[in-house]
**Student:** 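Handing you this structure, nothing more for now.
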Amino acid sequence: MPEAVHAQQPEITVALADPKRGPLSPQDASFKAKSISRALRRAANKSRAPTSVIAGGGGFQARRGDRAFRLGVLASFAAFVIAPFLVASIYWGLIASKQYVTETKFALRAGEASSLDLLSGGAMGSQASQQMQDAQVLVNFIRSRSMVEALDRKVGLRAMFSRSGVDYFSSFDPEDSVEELEKYWKRRVDASLDMMSGIISVSVRAFTPRDSLAIAQNVTDLSERLVNELSTRSRRDALAQARTELTRAEEQLKNATGSMRDARNTEGVLDAPAAAEAINKLVTTLRLELAATQEDLALHSDSATSDSPQARLLTARVQSLKSQIDEYSTQIAGGGERGQGSLAQRAGVLSMHQIELDLARQRYALAASMFENARVDLETQRAYLVSFLRPTLAEKSLYPRRWIEWAIIVAPATIGWLALVAVAFLVRDHMAK
């Protein structure tokens with residue numbers, strides 16, 4: 001059975017009347033009564049006044065184990081409040097290394113649209129959507145492993161984050177892996193995108209002002225390079241495809257030209273229509289000469305001298321002209337001598353090769369035009385990285401925020417200790433025997 005708890009009864013000392021002196025006068029009796037009343041009130045107030053919380057009660061007699069309980073409360077106060085207070089004060093006040101911040105802000109701006117983009121519907125909307133997507137890609141790239149590796153190659157990121165004089169908890173171990181460096185980098189850089197304006201804000205922290213400035217400048221340069229790659233990759237592929245088509249068309253044109261040359265050598269005619277036209281002119285001339293010769297022969301046939309040498313000469317001339325006319329006519333259209341085809345047949349063969357040559361020329365001209373358009377499109381920059389807040393050299397360290405960091409450690413420790421003590425008192429009051 002638990003022991004009954006009794007209130008402490010204070011001692012009341014009142015001077016009573018001395019019987020040897022006789023009865024008290026009314027004044028003395030009144031004075032004695034007031035003295036007794038004041039003494040009773042002081043005793044009542046003293047009995048109602050609570051004792052120390054740590055002592056274990058409010059006006060109750062001490063319980064068993066109060067000394068151990070008080071020692072436990074004091075020990076927990078030292079462990080949960082005093083120790084964190086001292087550690088946080090020493091570290092954030094004396095040991096924590098200064099960190100300098102360099103900030104830069106930039107935005108993506110689209111260049112002038114090409115004529116093909118203007119002709120296609122929805123060009124402006126697609127450009128705005130592509131620009132916002134590129135901005136999101138850029139923010140992720142700044143915090144990515146690719147950025148870490150590129151910065152490590154250019155400025156020596158490991159060496160900057162592991163300088164001598166930097167405290168142990170803030171510095172980076174240069175022997176750690178690139179994955180650990182990526183995690184450390186994400187704690188030292190802050191990249192954000194404003195979805196309304198499209199502005200990208202980047203803040204870089206380092207242990208010297210020059211290091212933070214160098215890192216921020218290289219972040220801007222690498223971001224601009226990525227923007228150029230994003231805007232030119234598809235156009236570079238288009239240029240490569242156009243170059244392949246131009247090479248193929250050029251090869252086809254060479255083959256068609258060689259086939260045409262071989263056909264002309266085989267047929268023995270450079271230009272069949274021109275040759276036929278020349279032969280037609282020659283045949284026309286021969287026919288006119290034949291008509292004149294036949295007219296002269298007719299005049300001699302009517303005379304008495306039809307068997308004269310001049311008549312026989314004219315007759316031979318007529319026969320020669322007819323033979324020449326037949327021969328030239330046969331060369332234009334008809335069976336040729338020595339198994340050779342006529343100009344009409346040769347012209348048919350050459351025409352097929354000429355058609356192939358003309359098609360090859362057209363394909364080459366179209367491929368050359370496409371290649372030139374792709375080259376001009378590639379050289380025209382479509383996206384720009386506009387930096388309106390350039391990195392500058394920091395003059396004052398903004399990190400660590402010593403009071404904030406100190407309060408983050410001390411305040412939760414104090415609140416936690418108070419909660420723990422409150423729970424301990426509740427348990428003590430309900431479990432004490």
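Numbers here simply count residues along the sequence, with the first being 1.
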**Student:** Grab the two heavy atoms, one from P412 and one from A407, that are nearest each other, plus how far apart they are.
**Tutor:**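 So the minimum-distance heavy-atom pair works out to CD-O, 3.4 Å.
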**Student:** Determine the minimum heavy-atom distance between Y100 and S212, stating which atoms define it.
**Tutor:**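 So the minimum-distance heavy-atom pair works out to O-CB, 3.6 Å.
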**Student:** Taking all non-hydrogen atoms of both residues into account, name the closest pair between S203 and E103 and its distance.
**Tutor:**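 It is OG-CG, 3.7 Å.
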**Student:** Does T257 reach the main-chain N or O of L253 with its side chain, forming a donor-acceptor pair under 3.5 Å?
**Tutor:**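 Yes; at least one donor-acceptor contact below 3.5 Å.
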**Student:** Sub-3.5 Å donor-acceptor pair from the side chain of S144 to the main-chain atoms of F141, do we have one?
**Tutor:**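 Here the side-chain-to-backbone pair exists.
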**Student:** Would you find more than 12 non-hydrogen atoms of other residues, nucleotides or ligands less than 6.0 Å from K98 atom NZ?
**Tutor:**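 At most 12 heavy atoms, drawn from other residues, nucleotides or ligands, come within 6.0 Å of this atom.
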**Student:** Using modelled atom types only, decide if a donor and an acceptor are shared between the side chain of T220 and the backbone of A216 within a distance under 3.5 Å.
**Tutor:**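 Indeed, once roles are kept as given, a pair shorter than 3.5 Å links the two residues.
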**Student:** Give the minimum heavy-atom separation between S162 and R158, together with the two atoms involved.
**Tutor:**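 Closest approach of S162 to R158: OG-O, 2.6 Å.
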**Student:** Please test E251 against R248 for salt bridge (Lys or Arg N to Asp or Glu O under 4.0 Å), starting from the C-alpha separation and ending with a verdict.
**Tutor:** CA-CA 5 Å; E251 189 65 24; R248 185 182 294 111; over 6 Å; no
**Student:** Sequence neighbours left out, what passes side chain to side chain contact (heavy atoms under 4.5 Å, CB included) with T392? Give chain and number order.
**Tutor:**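 Counting only residues at least two positions away or on another chain, T392 forms no side chain to side chain contact (heavy atoms under 4.5 Å, CB included).
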**Student:** To the nearest 0.5 Å, what is the distance between CZ on R188 and OH on Y399?
**Tutor:**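 Answer rounded to 0.5 Å: 10.5 Å.
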**Student:** Under a 4.0 Å N-O cut-off, is there an ion pair linking R402 with E405?
**Tutor:**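 Looking at R402 and E405, the cut-off is not met.
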**Student:** Is it true that W406 and Y91 have ring centroids separated by less than 6.0 Å?
**Tutor:**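 Judged by ring-centre distance (under 6.0 Å), W406 and Y91 do not meet the cut-off.
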**Student:** Please indicate whether Y168 has more than 12 foreign heavy atoms, meaning atoms of other residues, nucleotides or ligands, lying under 6.0 Å from its OH.
**Tutor:**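 No - once you tally the heavy atoms of other residues, nucleotides and ligands closer than 6.0 Å, there are 12 at most.
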**Student:** Donor-acceptor check, side chain of R205 to backbone of T102, threshold 3.5 angstrom: yes or no?
**Tutor:**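 Checking the backbone N and O of T102 against the side chain of R205, no donor-acceptor pair under 3.5 Å is found.
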**Student:** Counting only heavy atoms not in F371, do more than 12 sit closer than 6.0 Å to its CZ atom?
**Tutor:**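 Counting other residues, nucleotides and ligands, CZ of F371 exceeds 12 neighbours.
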**Student:** Rounded to the nearest 0.5 Å, what separation is found between the CG atom of D358 and the CZ atom of R363?
**Tutor:**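 One gets 10.5 Å once the value is rounded to the nearest 0.5 Å.
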**Student:** Sequence neighbours left out, what passes salt bridge (charged side-chain N to carboxylate O under 4.0 Å, His left out) with K186? Give chain and number order.
**Tutor:**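 In terms of salt bridge (charged side-chain N to carboxylate O under 4.0 Å, His left out), with neighbours along the sequence ignored, K186 is linked to E182.
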**Student:** Atom CZ of residue position R210 - does it have more than 12 heavy atoms of other residues, nucleotides or ligands inside 6.0 Å?
**Tutor:**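 No.
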**Student:** Quick check against the 3.5 Å criterion: does D152 have a side-chain atom that pairs as donor or acceptor with the backbone of V148?
**Tutor:**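 Absent.
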**Student:** Regarding R163 and the six-membered ring of F207, is the cationic atom NZ or CZ under 6.0 Å from the ring centre and inside 45° of its axis?
**Tutor:**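 So R163 doesn't make the cation-pi contact.
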**Student:** Nearest 0.5 angstrom please: T244 OG1 to L239 CG, how far?
**Tutor:**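 Result: 9.5 Å between the selected atoms.
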**Student:** In Å and rounded to the nearest 0.5 Å, what is the CZ to CG distance from R153 to L222?
**Tutor:**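 Interatomic distance, R153 CZ to L222 CG, rounded to 0.5 Å: 9.0 Å.
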**Student:** Using a 3.5 Å distance criterion without hydrogens, assess whether the side chain of S170 forms a donor-acceptor pair with backbone atoms of D167.
**Tutor:**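 The answer is no, because no donor-acceptor pair under 3.5 Å joins these two groups.
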**Student:** Using 0.5 Å steps for rounding, measure from the CG atom of L357 to the CG atom of N255.
**Tutor:**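 L357 atom CG to N255 atom CG measures 11.0 Å (nearest 0.5 Å).
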**Student:** Crowded around Q241 CD? As in, over 12 foreign heavy atoms under 6.0 Å?
**Tutor:**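 Not buried by this count: 12 neighbours or fewer within 6.0 Å.
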**Student:** Where is the tightest heavy-atom contact between S97 and V166, given as atom of each residue plus distance?
**Tutor:**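 Shortest heavy-atom separation between S97 and V166 comes out as OG-CA, 3.3 Å.
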**Student:** List the residues meeting salt bridge (charged side-chain N to carboxylate O under 4.0 Å, His left out) with E179, not counting sequence neighbours, and say none if there are none.
**Tutor:**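 Checked E179 against salt bridge (charged side-chain N to carboxylate O under 4.0 Å, His left out); matches are R145.
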**Student:** Would you name the heavy atoms of M195 and M132 that are closest together and state the gap between them?
**Tutor:**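 Scanning both residues, the minimum pair turns out to be O-CE, 3.7 Å.
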